[in-house]
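Notes follow the structure.
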Amino acid sequence: MMNYTLFPPLNFSEMGQRDNQEDALRPLVGKATSQDRLFVLCDGMGGADKGEVASNVVADAFVKEMMGMDFASQPLTEERFNQVLECVYDGLDKYDDGKRLRKMGTTLTLLCFHAGGVLAAHIGDSRIYQVRPSERRVVFVTRDHSKVNDMIAMGEITPEQAKTVPYRNIITRAMQPCAYRDPADVAQLTDVRSGDYFVMCSDGVLEQIDDDGVVDWLAGDGTDEQKLERMRRLTVNNKDNHTLHLIHVQEVQGQPMPLPAALEQPVQADVTMPVETVDDSKPKSHRGVIIALALALLAALAVIAWMTMREPQSENPLQTETPTQDQQITHPQGNTQSDPSGQSDMPEPIRVTPAKPAPKETVKPRSEKQDMNEDVIKNKAIDKVK
């Protein structure tokens with residue numbers, strides 16, 4: 001298992017140029033100790049719709065639900081975290097009075113040091129960094145759930161353009177009461193070393209600083225208290241609320257405890273595209289019968305289609321032809337009659353050979369005797385009709 005020794009964590013929470021503070025963090029400002037293993041930071045939204053209520057309700061609920069967990073000897077799995085997340089959503093639902101025009105809501109960042117590593121979870125555009133000053137690089141950073149990030153991913157705008165577009169504050173995930181429950185992105189971090197910093201911050205902190213600026217800030221000289229004060233000065237003119245946790249890892253011992261093998265989970269689909277599932281609990285023998293019947297039906301349809309394609313198409317469907325010596329006719333009863341020339345009596349598909357044109361007759365001069373015979377035949381036919 002992994003055992004962490006932390007320097008005393010530091011934090012601040014500033015209002016900026018807002019009228020109220022909608023950010024919430026746990027432990028509270030100035031209350032964190034080196035024994036803490038759970039850190040939460042939320043950025044409320046909604047203004048008059050009580051964004052500060054949402055952020056504080058969520059932050060308190062996570063502390064309450066996870067208070068009895070033994071992080072030192074037990075790993076915190078993603079499955080267990082998601083169970084806690086559902087409980088927090090249940091608690092948030094109780095604060096919806098149904099009277100407001102807009103739903104209150106909040107972002108979420110959560111960091112937990114446990115025996116299996118460090119669990120980092122987030123919803124929205126508040127951010128978590130893992131920075132390694134000795135290598136002057138960001139080891140891990142969360143990806144904001146925001147419209148501009150989606151547009152960057154699709155190549156519609158560049159990261160530079162994203163800094164100035166008017167809709168850069170639109171987020172695509174948040175925790176809201178009595179609404180669709182957005183999932184959290186969860187990462188299990190095991191590459192954690194002595195000297196690493198973890199930074200959790202609301203988006204207000206990042207108004208005038210980017211990832212490189214965060215690295216420069218933490219790789220600079222000075223104590224953790226001096227570094228925190230330096231960041232406070234950098235954000236003094238920021239417009240939005242800005243809140244930050246600074247967690248410095250002093251020492252790491254041991255190896256990550258293996259996490260339990262996760263149960264196979266169905267792929268989560270877009271809510272607008274329902275997924276049809278198959279119940280594997282039904283006996284497979286029933287499936288075999290159904291499959292056999294389906295295959296038999298397909299085979300029958302294929303034979304019918306083949307017969308239809310082989311059937312001759314006459315230019316004039318109303319015209320009938322007299323069978324010739326090469327023609328065979330299959331009757332409805334299945335019996336086959338052959339032409340007088342005598343061929344096989346086995347049923348075969350109908351084959352039609354176009355009739356040969358009759359040879360032209362040579363017209364001979366008519367005699368008086370022939371005309372008299374024809375007159376006699378016509379007179380007899382008339383008498384039979386009468």
Side-chain angles (χ1 to χ4, degrees), residues 9 11 13 22-27 36-46 51 54-63 65-66 71 76-89 92 104-114 116-131 138-150 152-153 162 168-176 179-192 196-207 209-211 214 240-247 268:
N11 48 33
S13 185
E22 294 185 304
D23 291 353
L25 78 170
R26 302 292 184 273
D36 287 315
R37 292 294 179 267
L38 177 65
F39 303 87
V40 184
L41 189 150
C42 300
D43 180 0
M45 62 185 192
S55 61
N56 280 281
V57 165
V58 167
D60 285 336
F62 271 108
V63 172
E65 293 292 333
M66 300 175 72
F71 301 128
L76 175 61
T77 64
E78 183 175 349
E79 181 183 10
R80 182 70 182 101
F81 167 80
N82 284 326
Q83 292 172 353
V84 173
L85 181 62
E86 284 299 306
C87 293
V88 174
Y89 267 119
L92 185 60
M104 67 180 181
T106 182
T107 68
L108 166 71
T109 54
L110 181 145
L111 199 69
C112 181
F113 293 79
H114 61 88
V118 179
L119 183 143
H122 86 290
I123 297 173
D125 63 349
S126 295
R127 201 171 294 180
I128 300 174
Y129 286 92
Q130 180 189 357
V131 177
V138 174
V139 179
F140 168 82
V141 61
T142 54
R143 181 183 180 277
D144 296 351
H145 301 132
S146 63
K147 182 175 181 179
V148 293
N149 253 0
D150 292 344
I152 291 172
R168 59 186 178 278
N169 293 326
I170 297 177
I171 60 177
T172 55
R173 289 193 205 178
M175 295 186 67
Q176 295 181 275
Y180 172 73
R181 294 184 172 184
D182 281 321
D185 281 352
V186 179
Q188 293 282 10
L189 309 177
T190 56
D191 180 16
V192 181
D196 285 358
Y197 280 96
F198 285 91
V199 178
M200 305 168 66
C201 61
S202 59
D203 65 317
V205 171
L206 304 170
E207 286 183 14
I209 189 171
D210 57 12
D211 293 0
V214 172
D240 198 2
N241 300 155
H242 43 283
T243 301
L244 180 144
H245 272 307
L246 180 62
I247 305 155
Q268 183 175 0

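Below, all heavy atoms of this structure are taken into account, side chains as well, without hydrogens, waters or symmetry copies. We number each residue from 1, following the sequence as shown. These numbers come from a predicted model, not from an experiment.
Shown here for Ala184 and Phe81, the closest heavy-atom pair between the two residues is CB-CE2, 3.9 Å. Nearest heavy atom pair, residue Ile128 against residue Leu110, reads CD1-O, 3.6 Å.
In this pair, His145 and His122 present their aromatic rings parallel. The plane angle is below 30°, not in the 30 to 60° band.
Between the side chain of Thr106 and the backbone N or O of Met175 there is no donor-acceptor pair closer than 3.5 Å. In this structure a side-chain-to-backbone donor-acceptor pair under 3.5 Å is missing from Arg37 to His114. With Glu207 contributing its side chain and Asp240 its backbone, the two residues share a donor-acceptor pair below 3.5 Å. A donor-acceptor pair is defined here as one N or O able to donate and one able to accept, closer than 3.5 Å; such a pair exists between the side chain of Thr109 and the backbone of Leu41. A donor-acceptor pair under 3.5 Å is absent between the side-chain atoms of Arg181 and the main chain of Leu85, judged by distance alone.
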Item to complete: Evaluate the criterion side-chain contact (heavy atoms from CB on, under 4.5 Å) for residue pair Val40 and Val58; output intermediate values, then yes/no.
Response: CA-CA 9 Å; Val40 184; Val58 167; 5.5 Å; no

| said: Quick one, Val118 with Phe140, criterion side-chain contact (heavy atoms from CB on, under 4.5 Å). Give me CA distance, side-chain angles, the key distance, then yes/no. | reply: CA-CA 11 Å; Val118 179; Phe140 168 82; over 6 Å; no

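Salt bridge absent: Arg168 and Asp125 never bring a charged side-chain N and a carboxylate O closer than 4.0 Å. Comment: Asp144 does not engage Arg173 in a salt bridge, judged by the lack of any side-chain N to carboxylate O separation of less than 4.0 angstrom.
Counting only N and O atoms by type, the side chains of Asp43 and Ser202 include no donor and acceptor under 3.5 Å apart.
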